[in-house]
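Worksheet: one structure, shown below.
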Amino acid sequence: MVDTVRRAYSRRAAEYIDLLGSMEAVHPSDLQLVSAWADGLDGDVIDVGCGPGHWTNFLVERGVDARGVDAVPAFIAHARNSYPGVSFTLGSLESLDAATGSVSGVLAWYSLIHYTPESIRVPLIEMGRVLKPGGRLLIGYLASAAIEEYAHAVTPAWRWPVDALRAELDATGFDTVQTDTRQPPGERPQGSIIARRRDDR
């Protein structure tokens, strides 16, 4: 699945960067949410599935010690060229280059949407591994009333009800702290979850 997603985004990387690869494309509510989450962290942060790198750079500009990871070479090349003072690494969400319990926050902003219900625990477990006890995970996702696959513009993706995604987080060692949903006129429902790595996992 990881290889399929990497190939799909590699074919359309330039188009994706032009359309969504800047903070100007970010919804104000998302900007406020990520800012508040980041300001509450103390320590290293990984932006997993960082894409063109704009969110990673945004975090660094806020004074966060953040780095980006993505599986698509074109995204990493663009990010390094656009934000030369920020660390970007080619890698997988399923095998992060970080010691166990070493980071305070993980941002997974729409980077889990291509995982099937059967496979989503793999990256969740890995993100839980690298987080310190009490560390915070912020997920952006596509919301719906039922778990369902849909025809994403790049490659098939999944929509989730908040309760179902919360259950996956609970099963992988997280406690949900906050959930939000929004639906801009004419757009798909969007969701976010902030979860805390359980101390006794």
Side-chain angles (χ1 to χ4, degrees), residues 21-23 25-71 75-76 79-80 82-113 115 120-141 162 165-182 190-201:
S22 72
M23 295 309 295
V26 171
H27 191 280
S29 296
D30 295 342
L31 187 64
Q32 182 178 17
L33 174 69
V34 176
S35 298
W37 169 81
D39 291 347
L41 301 175
D42 181 18
D44 295 349
V45 172
I46 304 177
D47 179 9
V48 297
C50 67
H54 50 296
W55 275 114
T56 316
N57 180 67
F58 171 79
L59 293 173
V60 170
E61 288 183 338
R62 289 188 75 83
V64 178
D65 189 3
R67 60 188 175 93
V69 177
D70 203 281
F75 284 159
I76 294 298
R80 288 173 174 168
S82 299
Y83 314 110
V86 181
S87 175
F88 294 99
T89 304
L90 189 64
S92 169
L93 279 65
E94 299 178 9
S95 181
L96 295 170
D97 184 18
T100 298
S102 64
V103 304
S104 294
V106 173
L107 177 63
W109 201 245
Y110 294 88
S111 53
L112 298 175
I113 63 173
Y115 280 92
I120 196 167
R121 291 189 185 183
V122 175
L124 290 178
I125 289 170
E126 176 64 359
M127 289 185 279
R129 179 189 70 80
V130 303
L131 279 167
K132 300 174 182 178
R136 301 295 177 102
L137 168 65
L138 172 52
I139 297 173
Y141 69 100
V162 62
L165 198 49
R166 288 180 65 167
E168 296 297 329
L169 287 162
D170 179 68
T172 51
F174 290 93
D175 293 320
T176 298
V177 174
Q178 176 182 327
T179 66
D180 292 284
T181 57
R182 63 174 178 82
Q190 312 291 310
S192 64
I193 295 180
I194 296 175
R196 175 184 177 275
R197 185 196 145 174
R198 204 172 293 137
D199 293 353
D200 60 352
R201 56 173 288 156

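If you're wondering where the values come from, they're calculated on a predicted model, not measured in any experiment. Keep in mind that the numbers below use all heavy atoms, side chains included, and drop hydrogens, waters and symmetry copies. Count residues from 1 along the sequence.
When side chains are defined from C-beta on, Tyr83 counts as touching Phe88, because their heavy atoms get closer than 4.5 Å. Side chains of Leu33 and Trp109 form a contact here, defined as non-hydrogen atoms less than 4.5 Å apart. Counting only heavy atoms from C-beta outward, the side chains of Thr56 and Ser87 never approach each other to under 4.5 Å. Residues Tyr141 and Leu112 are not in side-chain contact: their nearest non-hydrogen atoms beyond the backbone lie 4.5 Å or more apart. A 4.5 Å side-chain heavy-atom check between Gln178 and Asp180 finds at least one atom pair inside the cut-off. Between Phe174 and Leu131, the closest side-chain pair of non-hydrogen atoms falls below 4.5 Å. Looking at heavy atoms from C-beta onward, His27 lies in side-chain contact with Arg182 at the 4.5 angstrom threshold. A 4.5 Å side-chain heavy-atom check between Leu138 and Val34 finds at least one atom pair inside the cut-off.
In this structure, the separation between CG on Leu165 and CG on Asp170 is 11.5 Å, given to the nearest 0.5 Å. Distance check: Thr100 OG1 to Glu126 CD gives 8.0 Å after rounding to the nearest 0.5 Å. Taken to the nearest 0.5 Å, the CD atom of Glu168 stands 9.5 Å off from the CD1 atom of Ile125. Distance check: Ser82 OG to Asn57 CG gives 9.0 Å after rounding to the nearest 0.5 Å. Atom NZ of Lys132 and atom CG of Asp42 lie 6.5 Å apart (nearest 0.5 Å).
Checked for salt-bridge contact, Asp44 and Arg67 miss the test: no charged N lies under 4.0 Å from a carboxylate O.
Within a 6.0 Å radius of CG in Asp39, other residues, nucleotides and ligands contribute more than 12 heavy atoms. When the shell of 6.0 Å around CG of Asp175 is examined, it contains more than 12 heavy atoms from other residues, nucleotides or ligands.
Taking all atoms of both residues into account, the shortest heavy-atom contact from Asp70 to Gly51 is OD2-N, 2.7 Å. Shortest non-hydrogen contact noted between Leu137 and Ala108 is CD1-CB, 4.3 Å.
The one candidate from Leu59, Ile46, Val48 that meets the side chain to side chain contact (heavy atoms under 4.5 Å, CB included) condition with Leu107 is Leu59.
At a cut-off of 3.5 Å, with distance as the only test, a side-chain donor of Tyr115 or Glu94 sits close to an acceptor on the other residue.
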